[in-house]
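Per chain, numbering begins at 1; letters A, B, ... match sequence-line order.
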Amino acid sequence: MTVRVRFSPAPSGYLHVGSARSALFNWLYARHTGGTFILRVEDTNADRSKPELVDSIRESLTWLGLDWDEEYLQSERFDLYLEAANDLLANGKAYLCDCTPDDVKTRAEARGESASGGYDGHCRNRNVEPGDGVAMRFATPNEGVTGWDDLIRGRVEFENAVLEDFIIVRSSGVPMFHVANAYDDYDMGITHVVRGEDLVNTTPRVLLLREAMGATTQPTYAHLPLIVNEQRKKLSKRRDDVSVSDYADKGYLAEAMRNYLATLGWGPEDGVEVRPIEEIIEQFELADIGKAPAFFDVKKLDHFNGEYIRALPEDDFVSQTWPLVDGTIDRELYERLAPELQLRVKQFSQVPSFIDWIVGDAPEPSGKDWRKVMKKDKVPEALDLIIERLGEAPWEAAELERIVFGVGEELETRTQVPVRLAITGVRSGLPLFEPMAAVDRQVVLDRLKAARERLR
RNA sequence: GCCCCCAUCGUUCAGCGGCCUAGGACACCUGCCUUUCACGCAGGCAACACGGGUUCAAAUCCCGUUGGGGGUACCA
């Protein structure tokens, strides 16, 4: 049987890293097995779905290199779900209900349960006629258990008695996602359902519906551990900075993100984490996925990204980062500086901060840096000498280096960092002399003199 | 409240009864390289939540406790 998996986002927001990881694992499994990867947009709730969000999800998936083989929009399949629901009604597996949410809540409280105590089956045998405010509910079994063998979690079972008679068609006539989900997985011949652990509780409902629709088999489920924030809570679009497109905008490489995401909940057997996607596809197995939630660690993502940036061909690095500095720096100079830049940046967005001082004003040194670097005995004297000699020198990198280091040797002190701080505003960065020679002599002298003044 | 799940270094992945005085990676610290930083290289710090079993033998199996998380909608 050939594998068919689907990624089923609800277009209620941008693609976030948790969903992206679900998509990735589905994709990896499909590619590993030579199966089919399906994008199925679960937009059965018109209020919460926006067409432009579907586009943004497609864009993020494409950015990550997750290509899909088939695509469906559930909003275009309403009639199918409705028909399935009506069949259930005709077979006595579902019934009409005219209780309002308030009715349900009131009765639950009267029973001494909390407001979310659930529906009590009030209309199960009332033969409610179709009409305004009438919804359809599924009649769940009162006994027995519904369960499945989860590829990641092992056997999971729910007592049917704890399952309430949930709504399958809203009073507005729109089918609920459970119906769409059960119907589509069945209809589309989905063999493996790979999704977040937050969906385990809905699984028995879907399984029961599926069975009621006539299915005699279950898909294989694999419930992924959640990706959590530093507070160990499920990533939230509101609270956490997790939109995939934001990372793309910040200059993370798609390959790095994809590679990092693959190590959350799963890892290659040999422990080599940074590696080509082809090798990950080859090694990936659903059964090897771990059970415990994983923290989305931006620091580690940065490391992955740095590795991928350094592995980039020099030309690619230049062409991909040039737009960030175009109009400020000379192209030829940028190309000369690029290899050193490539070694240092962990995100493309950091590029401008490394060259700002060359093409514009230098930032004011922090008090801490100033004290650490400039408050040394020989600094004023060194600065005086350097300023003097720089006034006459041929303005080229090798000459500047000779002068700065020469003064250092004469005075038996280190001169690079004080000069660097005076000129660039920070005490670390690109090798100094090449870019320094690209700055106007007078500008360099002004900055050195300003620093010298501040030392009086 | 009820239902479901999880539990190895700060983080992440490994370990699936003896090979574990628990391994790799990120982060952190030290040294080397370098008159900056980074890269690279060499080291270091650091974990089996707790309590009972089972077994000749448990990080690995079972039960409980504790802790954490998820769900509980006419959202998906």
## Note on the structure
When rounded to whole Å, the CZ to P distance for the pair R232(A) and C5(B) reads 19 Å
### Query
Which of the following nucleotides, U35(B), C37(B), A76(B), is nearest to the side chain of R344(A)?
C37(B)
### Short side-chain N/O contact from R414(A) to OP1 or OP2 of U36(B), under 4.0 Å
yes
### Task
Taking N305(A) for its side chain and L253(A) for its backbone only, find out whether a donor-acceptor pair lies under 3.5 Å.
yes
### Task
May I ask which nucleotide in the shown strands pairs with C26(B), Watson-Crick or G-U wobble, both distances under 3.5 Å?
G10(B)
#### Entry: Separation of C2(B) C1' from E159(A) CD (nearest whole Å)
13 Å
### Query
Between R195(A) and T203(A), do the side chains contain an N or O donor and an N or O acceptor separated by less than 3.5 Å?
yes
### Task
Please give the nucleotide sitting opposite A49(B) as a Watson-Crick or G-U wobble pair, both distances under 3.5 Å, or none.
U65(B)
## Note on the structure
As its Watson-Crick or G-U partner within any shown strand, both distances under 3.5 Å, C41(B) has G31(B)
### Task
Mind calculating the distance between CE (M374(A)) and P (U36(B)) to the nearest angstrom?
16 Å
### Query
Hey, is the side chain of T413(A) poking within less than 4.0 Å of OP1 or OP2 on U35(B), counting only N and O atoms?
no
### Message
Between P on G70(B) and CG on D198(A), what's the gap in Å once rounded to a whole number?
### Response
9 Å
### Query
When you check the phosphate oxygens OP1 and OP2 of C75(B), does a side-chain N or O of R170(A) lie under 4.0 Å from one of them?
yes
### Task
Answer yes or no for this row: F158(A) ring on C4(B) base, centroids under 5.5 Å, planes under 30°.
no
### Query
Where along residues 289-297 of chain A does a heavy atom come under 4.0 Å from RNA chain B, residue by residue in number order?
K291(A), A292(A), P293(A), A294(A), F295(A), D297(A)
### Query
Nearest-Å distance, CD (E401(A)) to C1' (U35(B))?
9 Å
### Summary
Pairing partner of G1(B), by Watson-Crick or G-U wobble and under 3.5 Å for both distances, is U72(B)
### Message
So does Y119(A) get a backbone contact from the side chain of D165(A), meaning a donor-acceptor N/O pair under 3.5 Å?
### Response
no
### Task
Return no unless some side-chain N or O of K233(A) is found under 4.0 Å from OP1 or OP2 of G69(B).
yes
### Rounded C1' spacing from U55(B) to G18(B) in Å
12 Å
### Query
Expressed in angstrom and rounded to an integer, what is the separation of R239(A) atom CZ from G69(B) atom C1'?
12 Å
#### Entry: P spacing across the pair A27(B) / G40(B), given as an integer number of angstrom
10 Å
#### Entry: Nearest-angstrom distance, P atom, G68(B) to A25(B)
32 Å
### Query
Any side-chain N or O of K299(A) under 4.0 Å from OP1/OP2 of U12(B)?
no
### Query
Would you say T140(A)'s side chain and L163(A)'s backbone share a donor-acceptor pair under 3.5 angstrom?
yes
### Task
In whole angstrom, give me the gap between the P atoms of C6(B) and A49(B).
15 Å
### Nearest-angstrom distance from the residue atom CG of L343(A) to P of U34(B)
16 Å
### Length of the line joining L199(A):CG and U72(B):C1', which is rounded to integer Å
14 Å
#### Entry: Residue-phosphate contact under 4.0 Å: R310(A) side-chain N/O, G40(B) OP1/OP2
yes
### Query
On a whole-Å scale, what distance lies between the P atoms belonging to C19(B) and A58(B)?
11 Å
### Query
Partner of U60(B) by Watson-Crick or G-U wobble geometry, both contacts under 3.5 Å, or none?
none
